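Comments concern the structure below.
Nothing here was measured: the structure is a model prediction, and the numbers come from that model.
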Amino acid sequence: MQAVDLTIIGGGMVGLALASALADSPLRIAIVEPKPSQPPELSEYSLRVSALSLSSQQFLQSLGVWQSIVEQRVAPYNDMQVWEHDSFAKIRFQAEKMMVPNIGHIVENDIIRHALWQQVSQQSNVTIIEQAVDKLHRGDSESWLSFANGQGLSSKLLVAADGANSWLRQQLDIPLTYWDYQHTAIVATIKTAEPHQDCARQIFTPEGPLAFLPLSDANTCSIVWSVSPDRAAELQAMSEAEFNKQLTMAFDNRLGLCERVGECAGFPLRMRYARDFAGKGFALIGDAAHTIHPLAGQGVNLGLMDAAALAQELIAMQQAGKSINDYANLRHFERWRKSEASQMIASMEFFKRLFGNANPALKLLRGVGMSLVDKAEPLKQQAMRRALGLEGDLPKRASLKA
């Protein structure tokens with residue numbers, strides 16, 4: 001039976017980022033992921049994209065993978081416009097006014113994951129097990145994983161990085177605070193008649209928020225359209241021509257006629273918040289610990305900062321000679337990340353409820369409030385800097401390497 005210090009269940013972006021951040025540590029690491037990464041198909045855009053904040057970009061740079069991602073395909077954006085349908089409520093954020101080169105980058109998830117996978121697969125302290133776990137056995141000082149092929153693995157610390165429906169979280173019987181947003185996110189790639197000009201746009205409609213995220217092609221965007229489940233089913237069943245018509249109208253015709261490229265997909269939106277982010281011999285990161293509404297595009301950024309924070313804490317423990325599976329040593333990570341996640345969840349819920357109410361009086365107040373904030377540059381810039389990860393309680397990226 002193989003023995004390691006740390007086993008990461010899940011080889012997605014967040015789990016791989018954690019392993020990469022520990023590249024120079026003496027920790028022996030196993031990654032359990034039955035679906036190995038494949039080179040992304042660059043002849044077309046993939047449906048799932050992420051809006052990476054500047055803090056996430058800096059983290060990926062510190063890991064040495066950002067250049068590889070850029071060489072594949074990224075779309076920096078320097079402008080963000082948000083408005084409400086049939087209202088004067090609007091707000092705009094511009095990189096030049098915040099004295100930053102851009103607000104962020106839109107990157108396909110497949111590209112991020114593959115760049116991380118390639119790097120981690122070359123690390124001398126990492127073993128990738130391309131098998132699904134069959135059983136978990138827990139002891140006082142270590143855990144044992146068994147696989148269908150008869151292979152076994154013992155580990156001091158288990159990390160759940162296996163997504164919103166985390167197998168490990170379920171095996172550990174960790175309760176969830178949970179609610180259904182009663183929305184489905186429709187994602188698709190869209191050609192627009194007018195160029196997006198490197199601007200991310202989001203409109204709040206009576207049905208829900210609709211975001212157009214600029215891709216590397218000047219007339220191509222990725223959309224996230226949050227609507228009720230019934231409306232989502234209706235949109236997915238439409239002909240492309242009718243879908244294009246409905247989308248163009250919903251977006252106030254801001255970029256002219258919209259044309260869907262390829263298929264669209266729907267993803268139910270649910271909030272999840274694990275009661276425990278850590279315990280004796282385990283930790284949760286990314287969607288295994290929390291999922292939030294995508295209206296601000298912060299889910300992957302929150303997960304990457306989880307990985308950065310846990311790596312920082314594990315390195316500090318190892319350097320101090322402390323046990324990495326002792327809950328007392330993991331509590332700082334748990335308090336830190338639960339605080340960040342709960343604040344983000346509360347913010348997203350506030351905005352969802354605020355713009356989900358069609359009361360005319362409240363709509364008027366929204367218009368006045370957004371107009372005032374839009375004109376209050378210092379307040380607006382401070383809020384945006386926080387969203388970009390330029391302020392707040394962030395992992396010390398310089399200390400991620402042992």
Quick one: does [X]'s side chain have a donor or acceptor within less than 3.5 Å of a partner on [Y]'s backbone?
{"X": "N125", "Y": "L27", "result": "yes"}
{"X": "R337", "Y": "G286", "result": "no"}
{"X": "K280", "Y": "S141", "result": "no"}
{"X": "R138", "Y": "W144", "result": "no"}
{"X": "E130", "Y": "P36", "result": "no"}
{"X": "Q119", "Y": "L63", "result": "yes"}
{"X": "S121", "Y": "Q118", "result": "yes"}
{"X": "E33", "Y": "K35", "result": "yes"}
{"X": "S25", "Y": "L22", "result": "yes"}

Taking all non-hydrogen atoms of both residues, which atom of [X] and which atom of [Y] are closest, and how far apart?
{"X": "H290", "Y": "G303", "answer": "CE1-N, 4.2 Å"}
{"X": "I29", "Y": "A19", "answer": "CD1-O, 4.3 Å"}
{"X": "A232", "Y": "I186", "answer": "CB-CD1, 3.8 Å"}
{"X": "I345", "Y": "R272", "answer": "CD1-O, 4.2 Å"}
{"X": "C221", "Y": "P214", "answer": "SG-CA, 4.1 Å"}
{"X": "H293", "Y": "S226", "answer": "CE1-OG, 3.7 Å"}

Strictly below 4.0 Å, N to O, side chains only: are E108 and R73 in salt-bridge contact? yes
Charged N to carboxylate O below 4.0 Å: is that the case for D79 and R92? yes
Contacts of D5 that satisfy salt bridge (Lys or Arg N to Asp or Glu O under 4.0 Å) - sequence neighbours left out: R28, K156
Over 60° means perpendicular and under 30° means parallel, so classify the ring planes of F243 and W225, tilted if in between. perpendicular
So for atom [atom1], which belongs to [X], do other residues, nucleotides or ligands contribute more than 12 heavy atoms lying within a distance under 6.0 Å?
{"X": "R335", "atom1": "CZ", "value": "yes"}
{"X": "N149", "atom1": "CG", "value": "yes"}
{"X": "E263", "atom1": "CD", "value": "no"}

Any side-chain donor-acceptor pair under 3.5 Å between [X] and [Y]?
{"X": "N325", "Y": "S323", "answer": "yes"}
{"X": "E194", "Y": "T192", "answer": "no"}
{"X": "N109", "Y": "S50", "answer": "yes"}
{"X": "R270", "Y": "Y181", "answer": "no"}
{"X": "Q246", "Y": "E242", "answer": "yes"}
{"X": "D162", "Y": "S166", "answer": "yes"}
{"X": "Q236", "Y": "R231", "answer": "no"}
{"X": "N253", "Y": "T248", "answer": "no"}
{"X": "H196", "Y": "D217", "answer": "no"}

Within the 4.5 Å heavy-atom criterion, are [X] and [Y] side-chain neighbours or not?
{"X": "L153", "Y": "I129", "answer": "yes"}
{"X": "L136", "Y": "S143", "answer": "yes"}
{"X": "L235", "Y": "V227", "answer": "yes"}
{"X": "Q2", "Y": "Q151", "answer": "yes"}
{"X": "M80", "Y": "R201", "answer": "no"}
{"X": "L330", "Y": "L157", "answer": "yes"}
{"X": "F282", "Y": "L168", "answer": "no"}

Decide yes or no on side chain to side chain donor-acceptor pair (under 3.5 Å) for T205 and E207, but give the supporting numbers first. CA-CA 5 Å; T205 77; E207 293 183 323; 4.7 Å; no
Applying ring-ring contact (aromatic ring centres under 6.0 Å, His included), which residue pairs with at least one partner in residues 101-137 are found, sequence neighbours left out? W66-H105
Carefully, step by step, assess S62 and Q58 under the rule side chain to side chain donor-acceptor pair (under 3.5 Å). CA-CA 6 Å; S62 76; Q58 290 165 355; over 6 Å; no
Given F212 and F251, is the ring pair (Phe, Tyr, Trp, His ring centres under 6.0 Å) satisfied, shown in steps? CA-CA 9 Å; F212 270 60; F251 198 56; 3.8 Å; yes
Could you go step by step and tell me if T220 and V261 meet the side chain to side chain contact (heavy atoms under 4.5 Å, CB included) rule? CA-CA 9 Å; T220 307; V261 179; 5.8 Å; no
Is there a side chain to side chain contact (heavy atoms under 4.5 Å, CB included) between Y273 and S342? Walk through the geometry before answering. CA-CA 8 Å; Y273 183 78; S342 61; 3.9 Å; yes
Can you list the steps and then say if S53 with N301 is a side chain to side chain contact (heavy atoms under 4.5 Å, CB included)? CA-CA 7 Å; S53 67; N301 297 308; 3.3 Å; yes
Which is it for R260 and L247 under the side chain to side chain contact (heavy atoms under 4.5 Å, CB included) test, yes or no, and what are the steps along the way? CA-CA 9 Å; R260 194 178 83 202; L247 179 61; over 6 Å; no
Which residues pass the ring pair (Phe, Tyr, Trp, His ring centres under 6.0 Å) test with Y45, not counting sequence neighbours?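 Here no residue qualifies.
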